[in-house]
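One structure is given below, encoded as structure tokens.
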Amino acid sequence: MGLRLVFLGPPGAGKGTQAKRLASQRGLAHVSTGDMLRSAVARGTEAGKKAKAIMDSGGLVPDEVVLEMVKERLDTDAAEGFILDGFPRTTKQAEDLEKTLADRSQALDAVVNFALPIDRAIQRFAGRRSCPKCGEVYHIEAKPPKMHGACDKDGTALVQRPDDSPTVIRTRMAEYEDKTLPLILYYMREGLLLEVDADGDIEEVYGRLDHAVSQREAGER
Ligand code: ADP
Ligand code: AMP
């Protein structure tokens, strides 16, 4: 049986980086609501049109827009196991997720909180670059591409996300502290929370994550 995991943590904590790797190692679907929304914006879909201005300003897209996107994945490629990255982000989304999973006779196995002081997360944004074609994420120092400014996978010129600008980051962090931080307590109360220290290099953090998830799996057997 595939695991059902949620990744929590401030923007820039490294959730996407770690989720891609753990998902490919364990055959799980990587469900990133940020990636889905960026793709919807790029394709000019209805959801994308609703989301664009909100994302550019650093706010949160309405709960129901995001929930619909997640449900679609739960009924397709994520039916057998997933990592939810960037969802839920509000208590309402967490409650909706619980109901949605219960309707499918499913439940979460664990919620991983990537703990990183906000000032360290902000340092990571400055160097983030991504491929507009395939979504691969790099960092100019911590994870540079093989060829300067070009994606390793398809050679596309890397870009800086518009919402990684210093002013928008301030709004995103404020949204995180106001609306998403309370979810740590929410999931702690449910006995689902696993804390992973995200302050370290990408390999170190992956080692801690893999260890924490494996221990939880062993405990459940
Ligand atoms: P999130 O999905 O939590 O917003 P990302 O996975 O996109 O975060 O990571 C943010 C930036 O930090 C990216 O440029 C990524 O390459 C880099 N990064 C991720 N993990 C680490 C780490 N452990 N140390 C240094 N940089 C990292
Ligand atoms: P991320 O890639 O996770 O940093 O998300 C980028 C942006 O997408 C956020 O700043 C929000 O505007 C939007 N977004 C992503 N996930 C959600 C969510 N679960 N709820 C609301 N908005 C979201």
Side-chain angles (χ1 to χ4, degrees), residues 5-43 48 51-52 55-58 61 69 73 77-78 82-87 89 112-173 175-176 180 196-210 212-213:
L5 303 174
V6 162
F7 280 9
L8 277 183
K15 300 180 295 298
T17 302
Q18 300 294 337
K20 282 195 183 83
R21 184 156 163 194
L22 193 72
S24 92
Q25 287 287 316
R26 303 210 176 208
L28 305 172
H30 173 210
V31 181
S32 157
T33 45
D35 285 352
M36 282 190 274
L37 286 164
R38 278 184 288 278
S39 156
V41 170
R43 286 179 289 123
K52 188 178 182 330
M55 291 173 75
D56 285 349
S57 72
V61 172
M69 293 181 145
R73 299 287 300 275
D77 66 308
F82 55 74
I83 299 173
L84 287 177
D85 160 15
F87 178 91
R89 258 177 157 96
V112 180
N113 182 45
F114 288 87
L116 188 71
I118 300 272
D119 56 325
R120 303 279 292 128
I122 288 175
Q123 286 171 3
R124 289 187 185 172
F125 286 119
R128 173 155 65 185
R129 300 288 182 275
S130 51
C131 174
K133 192 169 172 198
C134 73
E136 188 64 23
V137 175
Y138 300 86
H139 189 278
I140 49 173
E141 281 152 14
K143 193 189 171 208
K146 291 194 184 84
M147 265 195 23
H148 179 75
C151 179
D152 291 348
K153 292 188 173 166
D154 50 39
T156 305
L158 301 179
V159 295
Q160 195 163 14
R161 270 170 51 176
D163 60 346
D164 277 351
S165 71
T167 38
V168 182
I169 286 171
R170 272 200 290 281
T171 309
R172 290 168 63 203
M173 285 299 181
E175 287 283 77
Y176 168 76
T180 311
V196 168
D197 178 3
D199 201 357
D201 67 31
I202 293 174
E203 283 302 317
E204 265 175 302
V205 177
Y206 185 75
R208 291 175 197 147
L209 168 67
D210 191 46
V213 171

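Remember, it's a predicted structure, so these values are computed and weren't measured experimentally.
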Show me the pairs that pass ring pair (Phe, Tyr, Trp, His ring centres under 6.0 Å) and involve residues 9-35, at least two apart or across chains. none

side-chain hydrogen bond (donor to acceptor under 3.5 Å, both in side chains) pairs, two or more places apart, involving residues 150-161: E136-K153, D154-T156, R161-D163

Residues in side-chain hydrogen bond (donor to acceptor under 3.5 Å, both in side chains) contact with D56, at least two apart in sequence or another chain: K52

Tell me, with the steps shown, if R208 and D197 meet side chain to side chain contact (heavy atoms under 4.5 Å, CB included). CA-CA 8 Å; R208 291 175 197 147; D197 178 3; 3.6 Å; yes

Any chance you could measure H139, atom NE2, to S130, atom OG, to the nearest 0.5 Å? 12.0 Å

From L5 atom CG to L209 atom CG, the distance as rounded to the nearest 0.5 Å: 8.0 Å

The complete set of side-chain hydrogen bond (donor to acceptor under 3.5 Å, both in side chains) pairs with one or both residues in residues 117-127, sequence neighbours excluded, reads R120-Q123, R120-D199

Closest non-hydrogen atom pair, L116 against P10: O-CG, 3.8 Å

Taken to the nearest 0.5 Å, the spacing of T17 OG1 from K143 NZ works out to 6.0 Å

Quick check: closest heavy atoms across P11 and A121, and the distance to 0.1 Å? O-CB, 3.5 Å

Quick one, M36 and V31 - any side-chain contact, counting heavy atoms below 4.5 Å? yes

Are any of the side-chain heavy atoms of R172 and F125 separated by less than 4.5 Å? yes

Just how far is it from atom CE of M69 to atom CG of L37, taken to the nearest 0.5 Å? 4.5 Å

Atom OG1 in T180, atom CD in E175: separation rounded to 0.5 Å? 8.0 Å

Counterpart residues, side-chain contact (heavy atoms from CB on, under 4.5 Å), relative to D210 (two or more places apart): L22, R26, Y206, S214

Restricting to pairs with a member in residues 11-25, which pass salt bridge (Lys or Arg N to Asp or Glu O under 4.0 Å), not counting sequence neighbours? R21-E203

Looking only at heavy atoms, the pair that brings A198 and F114 closest together is CB-CB, 3.9 Å

Distance-minimising heavy-atom pair for A51 and V61: CB-CG2, 3.9 Å

Spacing of CD1 belonging to I169 relative to OH belonging to Y176, to within rounding of 0.5 Å: 15.5 Å

I need the minimum non-hydrogen distance between G155 and A150, along with the two atoms involved. O-CB, 3.8 Å

For P144 and Y138, which heavy atoms make the closest approach, and how far apart are they? C-CD2, 4.2 Å

